[in-house]
Amino acid sequence: MKILVINAGSSSMKYQLIDMSDESILAKGNCERIGIDGHFKHTTGDGRKAEYDVAMNDHTEAFVQIKNALIDEKVGVIKDLGEVSAIGHRVVQGGSIFKESKIVDEKVIEGIESLIPLAPLHNPAHVQGIRACIDVFGKDVPEVVVFDTAFHSTMPQTAYMYAVPYEYYEKYAVRRYGFHGTSHRYVSGRCAELMGKDIKDLKIITCHLGNGSSITAVDKGKVVDTSMGLTPLDGIMMGTRTGCLDPSVVTFIMEKEGLTPSEMDTLLNKKSGFLGISGISSDDRDVSEAAEKGNERAKLATDMLEYQILKYIGAYTAVLGGVDAIVFTAGIGENQSSHRQKVCDKLGYLGVEIDAKTNAEGVHGFEGKISTENSKVDVFVIPTNEEIVIARDTAALVGKA
Ligand code: ADP
C-alpha cells in the first residue's frame with residue numbers, strides 16, 4: 001500500500017509518498033510560493049531530484065505538479081496514479097470535535113471549516129488542500145485527516161481550562177488545545193519501544209523544540225498536560241513567539257504603543273522569542289553561535305530557553321507524580337546538544353545523569369539514549385516523524401473501511 005501524506009499551508013504544500021510495506025519514503029517534496037509565483041522541489045528515495053519554478057495559482061495546480069512528478073519518466077516513483085491507495089492530510093486544529101483521525105467526507109470538511117476561527121491561518125489552507133486533492137485524484141481515492149490537537153484531547157478539564165469567565169469557554173470554546181500532538185504521540189510511542197516497555201507503564205515528558213516548541217506530559221500513553229494553548233503561542237519561548245507571559249503585558253504594550261489587536265498579534269507571534277530577545281535571529285544556531293562569541297543578549301536568549309524547559313520539566317514531573325523518561329525532539333531538540341546538557345545538568349535532583357559524549361555526538365539524525373546506565377530517568381533523543389504517524393493512521397482507517 002502506498003500512502004501520500006500532505007501538509008498543506010496557505011502558500012506551501014509538503015508531500016511524502018510512503019510505501020507502507022517497509023515504511024520507506026519513495027519520494028518527497030514541497031510546492032512553495034503557491035498563489036505567488038511557484039517553486040517546486042521533488043526528491044526520490046534513491047536520490048533523484050527535480051527543482052524548478054512553475055506557476056501554481058492554487059492548491060489544485062500544486063497537486064497537478066505533485067501528480068506529474070510522481071509518474072514522471074525521470075523522477076517518478078510509480079507507473080500509475082492508481083498505485084496511490086490513500087491520502088493522509090495533516091490538520092492543525094481539530095478543536096473539541098475531532099479526538100482522533102477521520103476518513104474525509106463532507107461532514108468532516110464542514111467540521112474543519114467550523115474550526116477556522118480557532119486556526120485562521122491553518123485550517124482554511126487544509127480545506128483547500130483536501131478539496132484540491134479531490135479535484136486531482138478523484139473521489140475514489142480515500143482521504144484521511146490527522147489532527148495536531150487530537151493526541152492532547154485526553155487532557156483533563158483542570159489542565160485545559162483558563163480562569164476567564166466560564167461563558168467564554170461555552171460561547172467561543174476558549175481553552176487549551178495544544179499542538180504538535182502527532183509529534184508527541186510518535187516520540188512517546190517510540191520512547192516506550194526503545195525502553196522495551198509498555199507505554200501504559202510509563203510517565204514520559206516529551207520536549208518538541210523547533211521553530212515552534214511545546215512540552216507535553218504523557219501518563220500511560222495519554223496526554224495529561226501540554227504547554228501550547230488555545231493557539232501555538234503559549235508555553236516556552238520560540239523562534240519568534242513569546243511563549244507564556246503575564247496577559248497584562250499585552251494590554252500594557254498595546255496602550256503604550258497604540259497598537260491594534262492585529263499589530264499586537266504580529267508582535268507576539270513574529271517579533272518576539274529568540275528574535276525579540278537576541279535582536280539577531282530566530283534561528284537557534286545563529287543565536288547560540290553569537291552567545292558563544294560573547295553576545296550578551298544572545299546568551300540571555302539561550303539561558304531563558306533552557307530555564308523555561310527546566311521549569312516545564314519540573315512542573316510536569318509534579319503533574320505526573322514522577323518521570324521515567326524525558327525525550328528531546330525536533331530541530332533544536334535533535335541537534336542542539338548543549339541545551340540538552342545544560343537542562344539535564346540541573347535535573348540531578350531527579351537522578352538524571354547525562355553521558356556527555358553520547359549527548360554531544362547525538363545529533364543529525366541520531367536516535368537513542370543519552371543518559372548513563374546509572375541515571376534514574378532515561379533521557380532520549382528521538383527524531384520526530386509526523387508523516388509516518390499520518391501514513392499509519394491513514395492505512396489503518398482505510399483498511400478498516
Ligand atoms: P519547525 O518548527 O519549523 O519544523 P524545526 O523543527 O526544523 O522547525 O526547528 C528549527 C530550529 O531547529 C532552528 O532554531 C534551528 O536552529 C534548529 N535546527 C534545525 N536543524 C538543525 C541542525 N541541523 N543543527 C542545529 N540546529 C538545527
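As the structure lists them, so they are numbered: ligands from 1, and atoms in each ligand from 1.
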Worksheet item: In terms of atom number and element, which parts of ligand 1 are under 4.0 angstrom from non-hydrogen atoms of Q336?
Response: 25 (C), 26 (N)
Fill in: Element-labelled atoms of ligand 1 that are located less than 4.0 Å from some non-hydrogen atom of H364
23 (N), 24 (N)
Discussion item. Tell me whether D283 has any N or O atom under 3.5 angstrom from an N or O of ligand 1.
Written reply: yes
Practice prompt. Output yes when K107 and D105 qualify as a salt bridge under the 4.0 Å nitrogen-oxygen rule, no when they do not.
Written response: no
Worksheet, complete the sentence: At under 4.0 Å between heavy atoms, what of E334 touches ligand 1? The answer is neither
Worksheet item: For atom 21 (C) of ligand 1, what is the nearest protein heavy atom, given as residue, atom name and distance?
Response: N335 ND2, 3.3 Å
Discussion item. If the threshold is 4.0 Å, N to carboxylate O, is there a salt bridge linking E106 and R131?
Written reply: yes
Practice prompt. For atom 14 (O) of ligand 1, grab the closest protein heavy atom and report residue, atom and distance to one decimal in Å.
Written response: D284 N, 2.9 Å
Worksheet item: Are I215 and Y316 close enough that some pair of their side-chain heavy atoms sits under 4.5 Å apart?
Response: yes
Discussion item. Out of G333, G331, S337, who is nearest to atom 6 (O) of ligand 1 when you count heavy atoms only?
Written reply: G331
Item to complete: Find all atoms of ligand 1 within a distance of less than 4.0 Å from any non-hydrogen atom belonging to G212, and give their numbers and elements.
Response: 2 (O)
Worksheet item: Do R190 and E193 meet the salt-bridge criterion of a basic N to acidic O distance under 4.0 Å?
Response: yes
Fill in: Separation of D378 CG from M195 CE (nearest 0.5 Å)
4.0 Å
Item to complete: Answer yes or no: does an N/O atom from G210 fall short of 3.5 Å to an N/O atom of ligand 1?
Response: no
Item to complete: Decide, yes or no, whether a salt bridge links K357 with E361 under the criterion of side-chain N to carboxylate O below 4.0 Å.
Response: yes
Worksheet, complete the sentence: Between D393 and the options R185, K102, K400, the salt bridge (Lys or Arg N to Asp or Glu O under 4.0 Å) test singles out R185
Worksheet item: Tell me: protein heavy atom nearest atom 10 (C) of ligand 1, and distance?
Response: N211 N, 3.5 Å
Worksheet item: Does the protein put a heavy atom less than 4.0 Å from atom 4 (O) of ligand 1?
Response: no
Discussion item. Using a 3.5 Å cut-off on N or O atoms only, is I332 in polar contact with ligand 1?
Written reply: yes
Worksheet item: About how many Å separate NE2 of H152 and OG1 of T226, when rounded to the nearest 0.5 Å?
Response: 4.0 Å
